[in-house]
Peer 1: 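Mind having a look at this structure? Questions to follow.
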Amino acid sequence: LEVYGGGEGPVTIPLTQEELAEMAGTSRATVNRVLREDERKGLLELRRGKTVITQVDAYARGATHR
């Protein structure tokens, strides 16, 4: 998260789900499933070609426990 922002407020990650999947070594469908789950939890917003982490602290804590 620090690469795309480190201050207060939302962090925008300007990568598509396909790009995230390639980086993670998984499928776009898997990335979409995980991101949709986190979106339902209110941690992030999915937008065209990017992901906006709205709850940075909560998301960072949760990401370490996956």
Side-chain angles (χ1 to χ4, degrees):
L1 292 172
E2 290 86 21
V3 172
Y4 299 103
E8 307 247 342
V11 173
T12 299
I13 300 173
L15 300 170
T16 66
Q17 290 182 20
E18 185 67 35
E19 291 167 327
L20 290 170
E22 287 176 21
M23 292 173 69
T26 191
S27 69
R28 183 194 171 285
T30 298
V31 168
N32 182 267
R33 180 177 47 78
V34 171
L35 292 177
R36 291 280 178 204
E37 180 180 320
D38 287 347
E39 185 177 45
R40 280 191 295 278
K41 293 177 184 176
L43 300 175
L44 58 84
E45 295 174 5
L46 296 175
R47 299 185 183 163
R48 183 176 294 273
K50 60 187 168 187
T51 302
V52 179
I53 310 296
T54 55
Q55 303 296 321
V56 177
D57 290 340
Y59 195 81
R61 281 192 310 273
T64 63
H65 300 324
R66 287 188 190 272

Peer 1: If you group Ile, Leu, Val, Met, Phe, Trp and Tyr by side-chain heavy-atom gaps below 4.5 Å, do Val52 and Val56 land in one group?
Peer 2: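 No; tracing contacts between hydrophobic side chains, which count when under 4.5 Å, never links both residues.
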Peer 1: Rounded to the nearest 0.5 Å, how far does CG of Leu44 lie from CG of Leu35?
Peer 2: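 Leu35 atom CG to Leu44 atom CG measures 6.0 Å (nearest 0.5 Å).
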Peer 1: Which heavy atom of Leu46 sits nearest to which heavy atom of Thr51, and what is that distance?
Peer 2: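 For Leu46 versus Thr51, the nearest heavy atoms are CD2-OG1, 3.8 Å.
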Peer 1: What residues, two or more places apart in sequence or in another chain, satisfy side-chain hydrogen bond (donor to acceptor under 3.5 Å, both in side chains) together with Arg33?
Peer 2: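 None.
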Peer 1: Write out all pairs satisfying side chain to side chain donor-acceptor pair (under 3.5 Å) with one or both partners inside residues 13-26, taking only residues at least two apart or from two chains.
Peer 2: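 Every pair satisfying side chain to side chain donor-acceptor pair (under 3.5 Å) with a residue in residues 13-26: Thr16-Glu19, Gln17-Asn32.
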Peer 1: Which pairs count as salt bridge (Lys or Arg N to Asp or Glu O under 4.0 Å) when at least one residue sits in residues 47-59, sequence neighbours excluded?
Peer 2: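 Qualifying pairs, neighbours excluded: Glu45-Arg47.
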Peer 1: Mind listing the closest non-hydrogen atom pair of Ala58 and Leu43 along with its distance?
Peer 2: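 Closest heavy-atom pair between Ala58 and Leu43: CB-CD2, 3.8 Å.
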Peer 1: State which residues pass salt bridge (charged side-chain N to carboxylate O under 4.0 Å, His left out) with Arg36; sequence neighbours excluded, sorted by chain then number.
Peer 2: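 Once residues adjacent in sequence are excluded, the partners of Arg36 under the salt bridge (charged side-chain N to carboxylate O under 4.0 Å, His left out) criterion are Glu39.
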